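Presented below is the structure to which this report refers.
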Amino acid sequence: MLSAHLSSENPVEALSASITPWLERKVGELVAEDFRRAHVFSQFGIDFCCGGGRALANACERAEANPEQVVAALEAVSHSGAKEDELNQLPLDQLIDYIERTHHQYVRAKAPLLLEYSEKMVRAHGEHYAEIIPFAGWVRALIEDLMPHLMKEENILFPAIRAMSQGEQVQGCFGHIGNPINAMQYEHEEAGQILQKLHELTNDFTPPEYACTTWRVCYATLVEFEADLHRHIHLENNILFPKALQLA
């Protein structure tokens with residue numbers, strides 16, 4: 001009798017069935033619906049910006065995260081209050097204004113500081129700690145990738161999307177709007193790869209016990225910089241760009 005009861009109500013199978021709809025959804029779509037889910041993904045090491053096109057099941061596997069724990073956290077967020085989807089509801093020109101005003105300005109403000117801190121680390125510690133010089137090189141590579149990237153968005157892609165959102169005919173040298181969007185998404189991937197290199201060099205931005213103040217401040221600034229960049233790329237990859245492609 002007991003075995004028959006267990007076979008008819010398998011709790012593992014029931015649980016798996018309940019999380020399957022979540023696991024089939026794309027990570028970027030989930031965050032676009034409710035941005036608070038981005039905090040959950042960050043906690044589990046799941047890439048929601050460059051990796052936003054992956055199904056949650058695949059994203060969990062790549063991050064070596066327990067799918068049941070991830071879904072439980074997502075459900076807790078969903079039940080905790082109103083969705084934070086104001087940005088998703090903005091007209092495209094206003095969303096672009098927000099991205100430029102908030103995230104582009106942030107990169108321009110913090111980039112010189114990251115270069116300054118990392119160069120100070122090289123001068124003070126480069127001879128004694130092997131990771132410092134490659135670390136500073138990857139910081140510079142990240143900044144050198146991002147600065148022209150911002151200019152291309154502001155001078156080419158964003159004006160075209162603004163024009164499209166106003167019903168204007170876009171006459172650009174780039175052809176279909178999907179071409180510059182693909183280029184920007186590729187550059188987002190490159191930035192993500194550089195950040196991964198920095199994670200590997202720094203033990204996930206964990207300063208060693210002997211680190212000086214500049215060293216610690218540099219790592220803390222990178223943690224903040226990465227979090228802002230993730231949200232920045234998410235808004236473009238998962239909200240702005242898909243809506244622009246729909247207009248085209």
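All values below come from the heavy atoms of this structure, side chains included, with hydrogens, waters and symmetry mates left out. Predicted, not measured: the structure shown is a model, and the values here were computed from it.
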Quick one, Asn58 and Val27 - any side-chain contact, counting heavy atoms below 4.5 Å? no

What pair of heavy atoms forms the shortest contact from Cys60 to Pro67, and how long is it? SG-CA, 4.0 Å

Can you check whether His104 and Phe158 have ring centres sitting under 6.0 Å from each other? yes

Can you tell me how far OH of Tyr219 sits from OG1 of Thr206, rounded to the nearest 0.5 angstrom? 8.5 Å

Non-hydrogen side-chain atoms of Val139 and Leu222 separated by less than 4.5 Å: yes

Spatial distance of atom CG (Leu90) from atom CD1 (Ile99) [nearest 0.5 Å]: 9.5 Å

Check the angle between the aromatic planes of Phe241 and His188 and answer parallel, tilted or perpendicular using the 30° and 60° thresholds. parallel

For Met151, I'd like to know if atom CE has over 12 heavy atoms of other residues, nucleotides or ligands within 6.0 Å. no

Aromatic centroids of Trp215 and Tyr129 separated by under 6.0 Å: yes

Using the rule given for salt bridge (charged side-chain N to carboxylate O under 4.0 Å, His left out), can you reason through Arg108 versus Glu154, listing the C-alpha separation, both sets of side-chain angles and the distance that settles it, and then say yes or no? CA-CA 13 Å; Arg108 289 192 169 98; Glu154 292 169 1; 2.9 Å; yes

Nearest-0.5 Å distance, CD of residue Glu153 to CD1 of residue Ile181: 10.0 Å

Are the side chains of Phe225 and Leu142 in contact, using a 4.5 Å heavy-atom criterion? yes

Using every non-hydrogen atom in the two residues, find where Ala191 and Leu146 come nearest and quote the distance to one decimal. CB-CD2, 4.3 Å

Relative to the ring of His199, is the ring of Phe205 parallel (under 30°), tilted (30 to 60°) or perpendicular (over 60°)? tilted

Note, His103 side chain near Glu236 side chain (heavy atom, < 4.5 Å): no

Worked check of salt bridge (charged side-chain N to carboxylate O under 4.0 Å, His left out) between Lys197 and Glu190: CA-CA 11 Å; Lys197 291 286 187 182; Glu190 287 186 324; over 6 Å; no

Using side-chain heavy atoms (C-beta onward) and a distance below 4.5 Å, is Glu189 in contact with Ile194? no

Hey, does the side chain of Arg37 reach the backbone of Leu74 with a donor-acceptor pair shorter than 3.5 angstrom? no

For Asn237 and Pro242, work out which heavy atoms get closest and say how close. O-CD, 3.2 Å

Would a single hydrophobic cluster contain both Trp22 and Val31, if residues Ile, Leu, Val, Met, Phe, Trp and Tyr are joined by side-chain heavy-atom contacts under 4.5 Å? yes

Check this for me: Glu61, atom CD, are more than 12 non-hydrogen atoms of other residues, nucleotides or ligands nearer than 6.0 Å? no

The residue among Ile239, Leu240, Leu247 that forms side-chain contact (heavy atoms from CB on, under 4.5 Å) with Lys243 is Ile239

Taking C-beta and beyond as the side chain, do Pro134 and Leu201 meet within less than 4.5 Å on heavy atoms? yes

Can you tell which of Leu92, Asp97, Leu157 makes a side-chain contact (heavy atoms from CB on, under 4.5 Å) with Arg162? Asp97

Between His232, Glu224, Arg101, which is the residue that forms a side-chain hydrogen bond (donor to acceptor under 3.5 Å, both in side chains) with Tyr106? Glu224

Heavy atoms of other groups near Arg216 CZ, more than 12 under 6.0 Å: yes

Here the gap from Tyr98 atom OH to Leu95 atom CG, rounded to the nearest 0.5 Å, amounts to 9.0 Å

Just wondering, do Arg25 and Leu56 contact through their side chains at under 4.5 Å, heavy atoms? no

Under a 4.5 Å side-chain heavy-atom rule over Ile, Leu, Val, Met, Phe, Trp and Tyr, are Met164 and Leu235 clustered together? yes

Within the 3.5 Å criterion, strictly below it, is a donor on Glu29 or Asn238 matched to an acceptor on the partner's side chain? no

Which residue pairs satisfy the salt bridge (Lys or Arg N to Asp or Glu O under 4.0 Å) criterion with at least one member in residues 119-145, sequence neighbours excluded? Glu116-Lys120, Glu119-Arg140, Arg140-Glu144

Please check if atom OH in Tyr186 has more than 12 non-hydrogen atoms from other residues, nucleotides or ligands closer than 6.0 Å. no

Here the gap from Cys218 atom SG to Met121 atom CE, rounded to the nearest 0.5 Å, amounts to 5.0 Å

Distance in Å, Asp47 CG paired with His230 NE2, rounded so as to fall on 0.5 Å steps: 5.5 Å

Below 4.5 Å, heavy atoms only, C-beta onward: do Leu87 and Arg231 meet side chain to side chain? yes

